[in-house]
Amino acid sequence: MNLILFGPPAAGKGTQAKRLVETRQMVQLSTGDMLRAAIASGSDLGKRVEGIMQRGDLVSDEIVIELIESRLPEAEAAGGAIFDGFPRTLAQAEALDVMLKGRGRQIDLVIRLKVDDEALKQRIAGRFAESGRPDDNPESFGVRLGAYNAQTAPLLPYYRGQGKLVEVDGMGAIDAVAAGIDAAMDAAR
């Protein structure tokens, strides 16, 4: 099963994806994690994206698609992928559909974690204080949330039109959110 976890920054996508990796042996394809790893490695790609991420801007579609495509064989071998932080735009969603179709695959389910913007701001302030991640500073977060609302939220009708969108309340406890995700996945099988 190929699954997209959909929601704004700090909605809990990463937490839930890690749980699914453990419980369902899926492969998490987190563009944020992949980009942070590229920065930490000091690679040319890492140097190119570091400033972009620190400003809170979105990395180009070409770079993100290249990262995703490089990990698809691993996901296929495991029986499915959790797309976390991708796609973010309609162009990325369409590119993902074409990429997967060329491999005889598709997106099976899109789970939207519904959360409140004010609660997200509180979450991100705590996460920044705890981890110090440069892309979690309040200014960058405001830019990222604005980019999500302007560019990514319009993907909802795209996936709803394909009959793949399920909404889960992302404001509950981690276990309650997990139960909602599990129920949606089991119903989609």
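Looking at heavy atoms from C-beta onward, Glu76 lies out of side-chain contact with Val27 at the 4.5 angstrom threshold. Considering only heavy atoms from C-beta on, Pro87 stays 4.5 Å or farther from Glu94 through its side chain. In this structure the side chain of Leu165 reaches within 4.5 angstrom of the side chain of Arg112, judged on heavy atoms. Considering only heavy atoms from C-beta on, Glu62 stays 4.5 Å or farther from Ile65 through its side chain.
Closest approach of Arg71 and Gln28 over heavy atoms only: NH2-O, 3.7 Å. When all heavy atoms of Gln106 and Leu100 are compared, the pair lying nearest together is C-CD1, 3.8 Å. Nearest heavy-atom pair, Ile107 versus Lys164, reported as atom, atom and distance to 0.1 Å: O-NZ, 2.8 Å. Considering every non-hydrogen atom in both Ile124 and Ala10, the closest pair reads CD1-CB, 3.9 Å. Of all the heavy atoms in Ala81 and Leu29, the pair that sits closest is CB-CD1, 3.9 Å. Residues Ala91 and Asp61 share a closest heavy-atom pair of CB-OD2, 3.6 Å.
When the side chains of ILVMFWY residues are joined at heavy-atom separations under 4.5 Å, either directly or via intervening members, Met34 and Leu3 end up in two distinct hydrophobic clusters. Criterion: ILVMFWY side-chain heavy atoms under 4.5 Å apart, direct or through other members. Under it, Leu5 and Leu90 are not part of a common hydrophobic cluster. The hydrophobic cluster containing Met1 also contains Leu20, counting ILVMFWY residues as joined when their side-chain heavy atoms lie under 4.5 angstrom apart, directly or transitively. Residues Leu35 and Val143 fall into different hydrophobic clusters, defined by Ile, Leu, Val, Met, Phe, Trp and Tyr side chains chained together at heavy-atom separations under 4.5 Å. Put simply, Val59 and Ile4 are part of the same group of oily side chains (I, L, V, M, F, W, Y) that touch within less than 4.5 Å, one to the next.
Remark: Glu118 engages Lys121 in a salt bridge (Lys or Arg N to Asp or Glu O under 4.0 Å) (not counting sequence neighbours). Annotation: side-chain hydrogen bond (donor to acceptor under 3.5 Å, both in side chains) contacts of Gln25 (sequence neighbours excluded): none.
Between the side chain of Lys13 and the backbone N or O of Pro8, at least one donor-acceptor pair lies under 3.5 Å. Judged by distance alone, with hydrogens and angles left aside, the side-chain atoms of Asn2 form no donor-acceptor pair with the main-chain N or O of Asp108 at under 3.5 Å.
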### Query
So Asp117 and Asn149, side chain to side chain contact (heavy atoms under 4.5 Å, CB included) or not? Walk me through it.
CA-CA 10 Å; Asp117 282 0; Asn149 287 329; 3.6 Å; yes
### Message
As a quick check of understanding, evaluate side chain to side chain contact (heavy atoms under 4.5 Å, CB included) for Leu109 and Met185, giving each step before the final call.
### Response
CA-CA 7 Å; Leu109 182 64; Met185 290 179 70; 3.9 Å; yes
Please tabulate, for the side chains in residues 39-49, all donor-acceptor contacts under 3.5 angstrom to protein atoms that are two or more places apart in sequence or on a different chain.
from, atom 1, to, atom 2, distance (Å)
Ser41, OG, Ala38, O, 2.7
Ser41, OG, Ser43, N, 3.2
Ser41, OG, Ser43, OG, 3.3
Ser43, OG, Ala38, O, 3.4
Ser43, OG, Gly46, N, 3.0

Show which side-chain atoms of residues 150-161 pair as donor or acceptor with protein atoms under 3.5 Å away, not counting sequence neighbours.
from, atom 1, to, atom 2, distance (Å)
Thr152, OG1, Arg88, O, 2.6
Tyr158, OH, Asp97, OD2, 2.4
Tyr158, OH, Gln162, NE2, 3.4

May I have the list of side-chain donor-acceptor pairs in residues 170-180 shorter than 3.5 Å, sequence neighbours left out?
none

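Taken from CD1 in Ile52 to CD1 in Ile63, the straight-line distance is 5.5 Å, to the nearest 0.5 Å. Here Arg144 contributes atom CZ and Asp57 contributes atom CG; the two are 11.5 Å apart, rounded to the nearest 0.5 Å. For the atom pair Phe6 CZ and Tyr148 OH, the distance stands at 4.5 Å (nearest 0.5 Å). Rounded to the nearest 0.5 angstrom, Gln16 CD and Ile111 CD1 are separated by 9.0 Å.
Heavy-atom neighbours of Glu66 CD from other residues, nucleotides or ligands within 6.0 Å: at or below the threshold of 12.
The stretch residues 23-35 participates, sequence neighbours left out, in these salt bridge (Lys or Arg N to Asp or Glu O under 4.0 Å) pairs: Lys18-Asp33, Arg24-Asp182, Arg24-Asp186, Asp33-Arg36.
When Val64, Thr31, Ile68 are each tested for a side-chain contact (heavy atoms from CB on, under 4.5 Å) with Gln92, only one passes: Val64.
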